[in-house]
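Please read all numbers here as calculations on a predicted model, not as lab measurements.
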Amino acid sequence: MTFVNNRIQTLVGGATSADEGSASLKDDLYLGVNGDWLQTATIPDDKPTTGGFADLADNIETTLMKDFGEMLAGTVEPNNVLLANFISYYKLASDYQTRDQKGFKPLLTLLKTVQGLVDYKDLQTHLVAFLKDGVGAPFPISVSPDMKDTKHNAVYAGTPSLILPDTTYYAAGNDAAPQLIATFKAMMTKLLTLAGLPETDVATILDQTVALDAKLAQHQKSSEEKADYPKMYNPQSLTDFGQHSDVIDLTAYVNEALENRVERVIVTDPKYYEALNTVLTPNNFEEWKSWLIVQLVRSWSGHLTDDARVIRGEYQRALSGSKAAFNPQKGAYYLAYHQFNMVVGDYYARKYFGAKAKADVMTMVHRMIDVYKNRLQKNEWLSDETRRQAIVKLDTLIPNVGYPDKIDPLYARFVVTPSEAGGTLFDNALRFNRLAVQANFDEIDQEVDRTMWADMDPATVNAYYDPSNNIIVFPAAILQAPFYSLDQSSAENFGGIGAVMAHEISHAFDNNGAQFDEYGNMHDWWTADDLAHFKTLTQAMIDQFDGISFAGSTVNGKLVVSENVADQGGLSCALEAAKEDPDFSAQAFFTNWAKVWCMKASPAYEQLLLSIDVHAPHKLRANVQAQNLDEFYTAFDVHEGDGMWLAPDERVHIW
């Protein structure tokens, strides 16, 4: 995974309490629209949510599994070589008889390599190979656009993943942490035992892994801190980067991985690397060795037996509240889909997303851009200089609708060796992982292609803005009812996909996007006075959400501020565009806005999202942003004393 994923501004997030019923639209817009459904909706056992985004994703899942099932059976032929390789891989994933027969044998060579490590010098010789083999690393590196020179790529150094979802879980008094750690250890005990490790070794390995994990958590950013994307940019010379560790030659490590092609590294979390000598010491090598064993077995168990696949999901199901694992066929489908996601997405979009709809949606996008430009031109708090640069950025914004014109050539290299030729699921997956990591490293010498979709495939029900490329992407999967339909009214479409479009455009000017120029380069293009006023406005948005009670906890206003700023600008601009049409209905607009956020989620999932998600809960996204718009009060005759009433001086307006 490249670090650009951490900088993507997406639309989806949050959850809605499962216990709420219907209400008057004047008292609760969200429940007034969705309450009856919430009382009767049932969450599938193998999912943490239902409704809204989840229902659209489930429908796509059903459609594609049917189509690909016919290809597996040989009644329909794949229409291109990339899709044929996906089907071959899907066939290997679906062959549980062979997978069960082989057991953990495919993993044993890698496992023995890790088990055989004797010291840090030995580890040094394997670090790059471990990255390519999916073993893990104490200091993962990857290549992404340089945040201050986005035409060119740079090397980023990240941090190892933690067991618990966020550093806040490690704080004293967190009631969820002990049970989650216990669940994790129980899961890994089963997997390590299946891998053939003795019971006494398993207990020691897990105790050492958990102990090291707790140390790592002390020196990593929280989700709130990670939400401040510009602070990810901390370039260091390769020499300086190499001085962070006394036991590993980090300079040699980077030079080996990038073949002596770089002279600096961008560190995303300086706190971790500054403390590296306290977590990577001559005395705790065995802890790191145990950690690597756990990382390896956890990473690859899903590609082995069916029992291992189900066991591997136990911890994640505890986090999300899902009651059951995917059935075997669905498990195989998603494993293959994740390997060939852009190939699958391209198939879906070209078959199920029509040219007429794509043209209509692109027209809507440009209407939203024009509305935003008009607002910038009339803005009363931006200086002429900042306003001029903001409009330049808007004029340079690249919209992408439906599906990309081309797919990353890496997918053409994912040529499957079938079982008839001695290929196994694990062997193919391992080879593909090595190809992908090396291809990412090789991007260091290539100019960035702003037209390439790298972070969301067309079959994903979502949308995003990438500040480093100044592009907005609307995959085909989200371009359906209730977000968009040729059969819906204009007001409904603007309350759905129109607000999504403007939401993503707004990210170009939120607290993170405002620090990137029209080419995606990070630099200060706002005047000091404009920036100070903008921070005052965003603080009002932080204050509006911070501390709101939800799902037995409270909302962190700082964590969700970027998405809330985008929601505010998006809904406001979409409303302005909708009002231009002769058949405009404010009630239809706001009703569909509330409808698209309809979601029922498990309590565990709600708690998880409150801790780590940069989006506010769905109910609050629907209600609070509507409360900020004067037209909502007129549309539903809302007055002081009604539940949805918010005093005019408390309504937040930014864009």
### Chi angles and distances behind the side-chain contact (heavy atoms from CB on, under 4.5 Å) call for S161, Q295
CA-CA 10 Å; S161 59; Q295 295 292 312; 4.1 Å; yes
If we ignore hydrogens and angles and just use 3.5 Å, is the side chain of [X] paired with the main-chain N or O of [Y] as donor and acceptor?
| X | Y | answer |
| --- | --- | --- |
| T150 | M147 | no |
| K289 | L117 | yes |
| T168 | S611 | no |
| N277 | D246 | yes |
| T386 | T527 | yes |
| Q179 | A176 | no |
| T460 | M456 | no |
| Y156 | P145 | yes |
| R309 | H303 | no |
| W300 | F426 | no |

When rounded to the nearest 0.5 angstrom, what distance separates [atom1] in [X] from [atom2] in [Y]?
| X | Y | atom1 | atom2 | result |
| --- | --- | --- | --- | --- |
| T159 | L216 | OG1 | CG | 8.5 Å |
| K215 | L280 | NZ | CG | 11.0 Å |
| K535 | D530 | NZ | CG | 12.5 Å |
| K226 | D269 | NZ | CG | 7.5 Å |
| R317 | M187 | CZ | CE | 9.5 Å |
| L192 | L296 | CG | CG | 9.5 Å |

[Y] versus [X], side-chain donor and acceptor atoms under 3.5 Å:
| X | Y | answer |
| --- | --- | --- |
| R431 | T417 | yes |
| E518 | T396 | no |
| Y411 | N341 | yes |
| E563 | H507 | yes |
| S142 | N440 | no |
| Y337 | D457 | yes |
| Y233 | D146 | yes |
| Q220 | T167 | no |
| Q515 | D524 | no |

Closest non-hydrogen atom pair between [X] and [Y], with its separation:
| X | Y | answer |
| --- | --- | --- |
| T251 | L238 | OG1-O, 3.1 Å |
| S301 | A308 | O-CB, 3.5 Å |
| W291 | G136 | CZ3-C, 4.5 Å |
| A616 | V560 | N-CG1, 3.6 Å |
| N153 | E443 | ND2-O, 2.8 Å |
| L131 | Y253 | CD1-OH, 3.2 Å |

### Message
Counting only heavy atoms from other residues, nucleotides and ligands, does the tally under 6.0 Å from NZ of K271 exceed 12?
### Response
yes
### Message
Is it true that, when you exclude D405 itself, more than 12 heavy atoms of the residues, nucleotides or ligands shown sit nearer than 6.0 Å to its CG?
### Response
no
### Partner of Y169 by side-chain contact (heavy atoms from CB on, under 4.5 Å), out of L162, I181, L608, I163
L608
### Message
side-chain contact (heavy atoms from CB on, under 4.5 Å), that's the test. Do V81 and N85 meet it? Break it down for me.
### Response
CA-CA 6 Å; V81 66; N85 270 305; 4.1 Å; yes
### Task
Any chance you could lay out the side-chain contact (heavy atoms from CB on, under 4.5 Å) test for L276 and F139, step after step, and finish with the verdict?
CA-CA 10 Å; L276 197 56; F139 7 82; 4.0 Å; yes
### Task
May I ask you to check if K393 and F509 form a cation-pi contact, with NZ or CZ under 6.0 angstrom from the six-membered ring centre and within 45° of the axis?
yes
### Query
Going through the checks in order, is the salt bridge (Lys or Arg N to Asp or Glu O under 4.0 Å) test met by D546 and K558?
CA-CA 7 Å; D546 196 49; K558 289 184 179 179; over 6 Å; no
When you compare the side chain of [Y] with that of [X], does any pair of heavy atoms fall below 4.5 Å?
| X | Y | value |
| --- | --- | --- |
| F184 | R298 | yes |
| D408 | W453 | no |
| M342 | P458 | yes |
| N470 | I398 | no |

### Message
Using the rule given for salt bridge (Lys or Arg N to Asp or Glu O under 4.0 Å), can you reason through D207 versus K185, listing the C-alpha separation, both sets of side-chain angles and the distance that settles it, and then say yes or no?
### Response
CA-CA 9 Å; D207 286 344; K185 292 179 74 172; 2.8 Å; yes
### Message
Going by ring pair (Phe, Tyr, Trp, His ring centres under 6.0 Å), name the residues that satisfy it together with Y89, two or more places apart in sequence or in a different chain.
### Response
F340, F432
#### Entry: Under the ring pair (Phe, Tyr, Trp, His ring centres under 6.0 Å) test, residues paired with Y273 that sit two or more places apart
F241, H244
### Task
Report the C-alpha separation of K102 and D427 in whole Å, then their side-chain angles, then the decisive distance to 0.1 Å, and conclude whether the salt bridge (Lys or Arg N to Asp or Glu O under 4.0 Å) test is met.
CA-CA 12 Å; K102 291 186 177 296; D427 290 341; over 6 Å; no
Identify each donor-acceptor pair in which a side-chain atom of residues 197-204 lies under 3.5 Å from a protein atom, sequence neighbours left out, and give them as a table.
unit_1, atom_1, unit_2, atom_2, d
T204, OG1, T200, O, 3.3

### Task
Apply the test salt bridge (Lys or Arg N to Asp or Glu O under 4.0 Å) to residues D449 and K406: give CA-CA distance (whole Å), side-chain angles for both, the deciding distance (0.1 Å), then the verdict.
CA-CA 11 Å; D449 184 350; K406 57 186 176 182; 2.6 Å; yes
### Message
Please enumerate all residues that pass side-chain contact (heavy atoms from CB on, under 4.5 Å) together with D517, with sequence neighbours excluded.
### Response
Y519, N521, H523, W525
### Task
Using side-chain contact (heavy atoms from CB on, under 4.5 Å) as the criterion, list what pairs up with E274, not counting sequence neighbours.
P270
### Sidechain N-carboxylate O distance under 4.0 Å for D166, K221
no
### Criterion side-chain contact (heavy atoms from CB on, under 4.5 Å) on T451 and N469, from CA distance to verdict
CA-CA 9 Å; T451 66; N469 285 313; over 6 Å; no
## Note on the structure
Residue pairs passing the side chain to side chain donor-acceptor pair (under 3.5 Å) test with at least one member in residues 109-137, sequence neighbours excluded, are Y120-N284, K132-Q438, D133-R434
